[in-house]
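Structure record follows, encoded as C-alpha cells.
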There are 4 protein chains.
Amino acid sequence: MARVNTKQLIVDAAVAVAAQHGISGASMDQIAETAGVAKGSLYYNFASKDALFAEVMRRGFERLSAAIDSAREGVPGEGAPRIVAAATLEALRNNIDLAKLMAAEVFRTDRAWAETMNEARSSVATRLRDALRDAHVAAGNSEQSAERITETAGAAFFGALAGACLDWLLFRPELSLEHVLDEVLTTW
Amino acid sequence: MARVNTKQLIVDAAVAVAAQHGISGASMDQIAETAGVAKGSLYYNFASKDALFAEVMRRGFERLSAAIDSAREGVPGEGAPRIVAAATLEALRNNIDLAKLMAAEVFRTDRAWAETMNEARSSVATRLRDALRDAHVAAGNSEQSAERITETAGAAFFGALAGACLDWLLFRPELSLEHVLDEVLTTW
Amino acid sequence: MARVNTKQLIVDAAVAVAAQHGISGASMDQIAETAGVAKGSLYYNFASKDALFAEVMRRGFERLSAAIDSAREGVPGEGAPRIVAAATLEALRNNIDLAKLMAAEVFRTDRAWAETMNEARSSVATRLRDALRDAHVAAGNSEQSAERITETAGAAFFGALAGACLDWLLFRPELSLEHVLDEVLTTW
Amino acid sequence: MARVNTKQLIVDAAVAVAAQHGISGASMDQIAETAGVAKGSLYYNFASKDALFAEVMRRGFERLSAAIDSAREGVPGEGAPRIVAAATLEALRNNIDLAKLMAAEVFRTDRAWAETMNEARSSVATRLRDALRDAHVAAGNSEQSAERITETAGAAFFGALAGACLDWLLFRPELSLEHVLDEVLTTW
DNA sequence: TATGAATGAGGGTTCATTCAT
DNA sequence: CATGAATGAACCCTCATTCAT
C-alpha cells in the first residue's frame with residue numbers, strides 16, 4: 001500500500017498551526033488534529049515538541065538555502081544580489097507560514113533547538129554575503145575590499161528581504177514581486 | 001517616601017522575563033516575582049496579561065519612534081538615512097530585550113494587541129520611509145519619483161537594521177556601531 | 001472563618017487513595033476529588049506528587065515513632081518489647097491505609113523521597129532495637145552483649161509486626177490484638 | 001540452533017525492570033528492550049501486562065516454596081525454624097530483585113493477580129508455620145498446643161525474615177548470613 | 001492599593017494495547 | 001512466531017485568572 005509519510009504530514013501540520021499561534025501557542029493536540037493523526041503518533045515520530053520544531057526549522061532553512069544555491073548557478077557576479085534576493089522572496093512567499101515562524105524565532109536564544117537554528121541562519125546569511133561580495137568584485141573592487149563585507153551584511157540583507165516580504169504579503173499583497181524587489185534594492 | 005511607580009515596575013519586569021522566554025513563556029508568576037510585587041497586583045494594575053504586553057509593546061515602539069524623531073531634527077536630507085539608522089541601532093542596542101521581543105512579535109497577526117502593534121510598526125516604517133525619501137530628493141530627484149519609495153521600503157530598511165543589530169549584539173558584540181552601520185548602508 | 005487546613009486535607013486524601021491503588025496508581029485527579037479541592041490546589045500546596053508523598057511518608061513514620069516513644073515511657077526493660085509491639089500494632093491498625101503504603105514503599109530505593117523515608121524507617125528500627133536491648137539487659141545480660149543486637153534485629157522485629165498485622169487485618173480480622181501479639185512474641 | 005525460551009527471557013526482563021521502578025513504573029517498552037525482543041512479542045507471549053506480572057509473581061513464590069521444601073527434607077523438628085529461615089534468606093538473597101517486588105506487592109489487594117499472589121503468599125506462610133509447629137512439638141509441647149501457632153505466626157516469621165533480609169542487603173551488606181540469622185532468631 | 005490562596009482548563013507526555021504485515 | 005507503527009486515554013503539571021481579605 002502506498003504509505004503516506006507520517007513524519008512529513010506532522011511537520012507540515014506543525015508549520016501551519018505554529019504560523020497561526022506561534023510555536024508556544026501551537027498545541028500538540030491541534031497539530032495532531034491538523035495532521036489527521038493521533039496525538040500519540042506525534043510522540044512516536046518525534047521525541048518531543050522541541051524535537052519536532054527543531055526539525056521544522058531545519059527543513060525550513062534547508063529549503064531556503066537550496067533555493068538560493070539553485071538561483072546563483074551560472075549567474076554573473078553583478079547580477080547575484082538581485083537574483084538571490086528574488087529567489088529568497090519567492091521562497092518566502094511560497095512558504096509564508098514558515099517565513100513568519102522563522103522571523104519570530106530566529107533570534108530566540110532560549111529554545112532547545114537554538115543551536116540547530118543558528119547554524120541554519122548562519123548558512124543563509126553566508127550565502128547572501130557571498131552574493132554581495134561577488135557583486136562588489138564584479139563592480140571593479142578588489143577581493144580584499146570585498147572581505148570587509150561580513151556575515152553581518154548578509155544578516156542585514158536577509159532582514160531587509162524578510163521585512164519587506166512580510167510587509168508585502170501581510171499588508172500590501174497587491175504589489176508585484178518585481179516592485180518589492182526594486183524597493184529593497186534601489187532605495188539606499 | 002519616594003513611591004515607586006508600580007505599573008512601571010511591572011512593565012520592566014515583563015520585558016525582562018519575556019526577553020528570556022518569549023511572551024507565551026513569560027508567566028505572570030515570574031513577572032510578579034521579578035517585579036517584587038504580589039501576583040494579585042498585576043491584575044490590579046492591568047486587566048490581563050494581554051493588556052500588560054500591549055502596554056509593553058506600545059511603550060517599546062513609542063521609545064523607538066521618539067528616538068528617530070529626535071535624531072532627524074535639523075539634519076539635512078542627504079544625511080537622514082544614516083542618522084536615523086544610527087539612532088535606531090542605538091535604541092535597539094539600549095533595549096535589546098525589547099528588540100528581541102519586537103522582532104519575535106512584529107508579524108504575529110493573532111495577538112490581542114495586534115492592532116496596537118501594527119500602528120506602532122507602521123509609524124516606525126513611515127518615519128524610515130520619510131528619511132529615505134528626503135535623501136532621494138536631496139540627491140536631485142523629483143518629489144514625484146520619491147513617492148515611489150513606499151512604506152515597504154521603510155519595512156525593508158527596518159528589517160535590515162534589526163537583522164544587522166541582532167546579529168551584531170548576539171553573535172558579534174565586538175564590532176563597533178559605526179562598522180555595523182557601514183555594512184548596512186553601503187553594501188547594496 | 002474557621003479555615004480548614006488544606007494541606008492536611010490533601011495528605012489524608014493522598015493516603016486514602018494510595019492505599020487502594022499504590023502510589024503510582026494514585027492519580028492527582030483522584031486525590032483532589034477525594035480531598036474536595038481543585039487539582040490546582042494540590043500544586044499550590046505541594047511542589048509535586050513526589051513532594052506530596054514524601055510528606056505523607058514523613059508524617060506516617062513520625063506518628064509511628066511517637067506512638068512507640070509514648071508507649072515506652074515508664075515501662076521497665078523486661079516489658080519493653082511487648083509494650084512497643086502492642087503500640088506498633090495499635091498504630092498500624094489505626095492507620096491501616098498508611099501501613100499498607102509503608103509496607104509497599106519502605107524498600108523502594110528509586111523514589112524521590114527515598115532519603116526521607118530511609119531516615120524515618122531507620123528511626124523506627126532503632127527504637128525497636130532499643131526495646132529489645134532493654135529487655136536483654138533486664139534479663140540479666142551485660143550491656144556489651146546487648147550491643148550485638150543491631151538495627152537489623154529492629155528491622156526484623158518491625159517486619160514481623162507488619163507481616164502479622166497485615167495478615168491479621170486483611171485476612172483474619174476476627175483475631176484479637178492480644179492474640180496476634182502472642183503469636184508474634186512467643187513462637188520463636 | 002539452541003532456541004532460547006522467549007517467555008523466560010521476557011519474565012526475567014520484567015523482574016529486572018520492575019525491581020528498579022516498581023511494577024507500575026515498569027513500561028512494556030523497557031521490558032521489551034531489556035529482553036531484546038520487539039514490543040509486539042510481549043503481547044504474543046502474554047495476554048497483558050497484568051498476566052505477565054502474575055506469571056512473574058507466581059514463579060517467584062514457587063521458587064521460594066521449593067527452596068523451603070527442599071531445606072526441610074530430613075531435618076529434625078527442633079532444627080526446622082533455623083534451617084527454613086536460612087533457606088528463605090538464601091533464596092531472597094539470590095533473587096533480591098524479586099524479593100523487593102514481592103515485598104512491595106504482597107499486601108496489595110487491588111491487583112489483577114491478587115488471588116494468585118495470595119495463594120502463593122499463604123503457601124509460604126503455611127510452610128513457615130509448620131516449621132514453627134515442628135519445633136514447638138520437638139521442644140516437648142503437645143500437638144494440640146502447637147495448633148495455636150497459626151498462619152499469622154508464619155506471616156510474622158516471613159515478615160521478620162524479609163525485613164531483616166532487605167535491611168541487610170540494601171543497607172548492611174557486609175554482614176554474614178549467619179549473623180543476620182542470629183539476630184532474627186535469638187533476640188526475642 | 002495590595003495580597004495570595006484557590007481554581008480548572010488546557011498543556012506536553014507516557015504507555016498499555018492493537019493490528020496489518 | 002514475531003514485528004513495530006499507530007493509537008487514545010490518562011497521566012502530571014502549569015498558569016492566567018478570580019476573589020475574599
Side-chain angles (χ1 to χ4, degrees), chain A residues 1 3-7 9-10 21 24-33 35-53, chain B residues 3 6-7 10 24-33 35-53, chain C residues 1 3-7 9-10 24-33 35-52, chain D residues 3 6-7 10 24-33 35-53:
Chain A
M1 188 204 303
R3 304 269 289 94
V4 293
N5 186 335
T6 304
K7 265 192 161 73
L9 232 48
I10 293 170
H21 307 104
S24 298
S27 78
M28 294 298 264
D29 270 287
Q30 202 182 339
I31 292 171
E33 193 183 358
V37 302
K39 190 158 48 152
S41 295
L42 303 193
Y43 288 89
Y44 186 79
N45 286 280
F46 297 92
S48 65
K49 185 180 177 181
D50 276 346
L52 167 56
F53 277 99
Chain B
R3 299 271 288 96
T6 303
K7 263 191 159 72
I10 293 172
S24 297
S27 76
M28 294 297 265
D29 269 286
Q30 203 181 340
I31 292 170
E33 192 185 0
V37 301
K39 194 174 9 173
S41 295
L42 301 195
Y43 288 88
Y44 186 82
N45 286 280
F46 296 93
S48 65
K49 184 178 176 180
D50 276 347
L52 166 57
F53 276 99
Chain C
M1 189 203 303
R3 304 271 288 95
V4 294
N5 186 334
T6 304
K7 266 193 160 72
L9 232 48
I10 293 171
S24 297
S27 78
M28 293 297 264
D29 271 286
Q30 202 181 340
I31 292 171
E33 194 183 358
V37 302
K39 193 167 31 163
S41 295
L42 303 194
Y43 289 90
Y44 186 79
N45 286 281
F46 297 93
S48 65
K49 185 180 177 180
D50 276 347
L52 167 55
Chain D
R3 299 270 291 96
T6 303
K7 262 192 161 68
I10 293 171
S24 297
S27 77
M28 295 296 265
D29 269 285
Q30 202 181 340
I31 293 169
E33 193 185 0
V37 302
K39 192 169 21 168
S41 296
L42 301 195
Y43 287 88
Y44 186 82
N45 286 280
F46 296 92
S48 66
K49 184 178 175 180
D50 276 346
L52 166 56
F53 276 99

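Within every chain, numbering begins at 1; the chains are lettered A, B, ... in the order of the sequence lines, protein sequences first and strands thereafter. Below, all heavy atoms of this structure are taken into account, side chains as well, without hydrogens, waters or symmetry copies. If you're wondering where the values come from, they're calculated on a predicted model, not measured in any experiment.
In this structure, B/Tyr44 reaches the E/dT1 phosphate: one of its side-chain N or O atoms is under 4.0 Å from OP1 or OP2. When the side-chain nitrogen and oxygen atoms of D/Thr6 are compared with OP1 and OP2 of F/dC1, none of them lie within a distance under 4.0 Å. Remark: D/Asn45 is not in phosphate contact with F/dC1, judged by side-chain N or O atoms under 4.0 Å from OP1 or OP2. Using a 4.0 Å cut-off, no side-chain N or O of A/Tyr43 falls inside it from OP1 or OP2 of E/dT14.
Backbone-only engagement by C/Ala26 is indicated by non-hydrogen atom pairs under 4.0 Å involving sugar-phosphate atoms exclusively. Among the protein residues, B/Ala47 comes within range of no part of the nucleic acid, since none of its heavy atoms lies under 4.0 Å from any strand.
Per the geometry, CG belonging to D/Leu42 stands 10 Å off P belonging to E/dA16, to the nearest Å. Distance, A/Ile31 CD1 to E/dG10 C1': 15 Å, rounded to whole Å. The CD atom of A/Glu33 sits 17 Å away from the C1' atom of E/dG12 (whole-angstrom rounding). Counting to the nearest Å, the P atom of F/dC15 and the CD atom of B/Gln30 are 9 Å from each other. Rounded to whole angstrom, the span from the CZ atom of A/Phe46 across to the C1' atom of E/dT14 amounts to 18 Å. Per the geometry, CG belonging to C/Leu9 stands 10 Å off P belonging to E/dT7, to the nearest Å. Protein atom CE of D/Met28 is 14 Å distant from nucleotide atom C1' of F/dG4, rounded to whole Å.
DNA chain E is contacted by both D/Asp29 and A/Asp50; A/Asp50 maps to the nucleotide lying nearer its 5′ end (nearest heavy atom per residue). The residue among A/Lys49 and C/Gly36 whose nearest nucleotide of DNA chain E lies closer to the 5′ end is C/Gly36.
A salt bridge (charged side-chain N to carboxylate O under 4.0 Å, His left out) check over residues 38-49 of chain A, counting only residues at least two apart or in different chains, returns the pairs A/Asp29-A/Lys39.
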- Note on the structure: Pairing string of DNA chain F (Watson-Crick or G-U wobble, both atom distances under 3.5 Å; | = paired to other strand) is .||||||||||||||||||||
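Under the side chain to side chain contact (heavy atoms under 4.5 Å, CB included) criterion, C/Ala51 pairs with C/Ala47, C/Ser48, sequence neighbours left out. In this structure, the side chain to side chain contact (heavy atoms under 4.5 Å, CB included) partners of A/Tyr43, at least two apart in sequence or on a different chain, are A/Met28.
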Pull out every protein N or O sitting under 3.5 Å from an N or O of nucleotides 8-10 of chain F, one pair per line with the distance.
from, atom 1, to, atom 2, distance (Å)
F/dG8, N7, A/Gly40, N, 3.3

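Of all heavy-atom pairs between A/Ser24 and B/Ser24, the closest is CB-CB, 3.3 Å.
In this structure, the side chains of B/Ile10 and B/Tyr44 stay at 4.5 Å or more apart for every pair of heavy atoms. The closest side-chain heavy-atom distance from B/Leu52 to B/Ile31 is below 4.5 Å.
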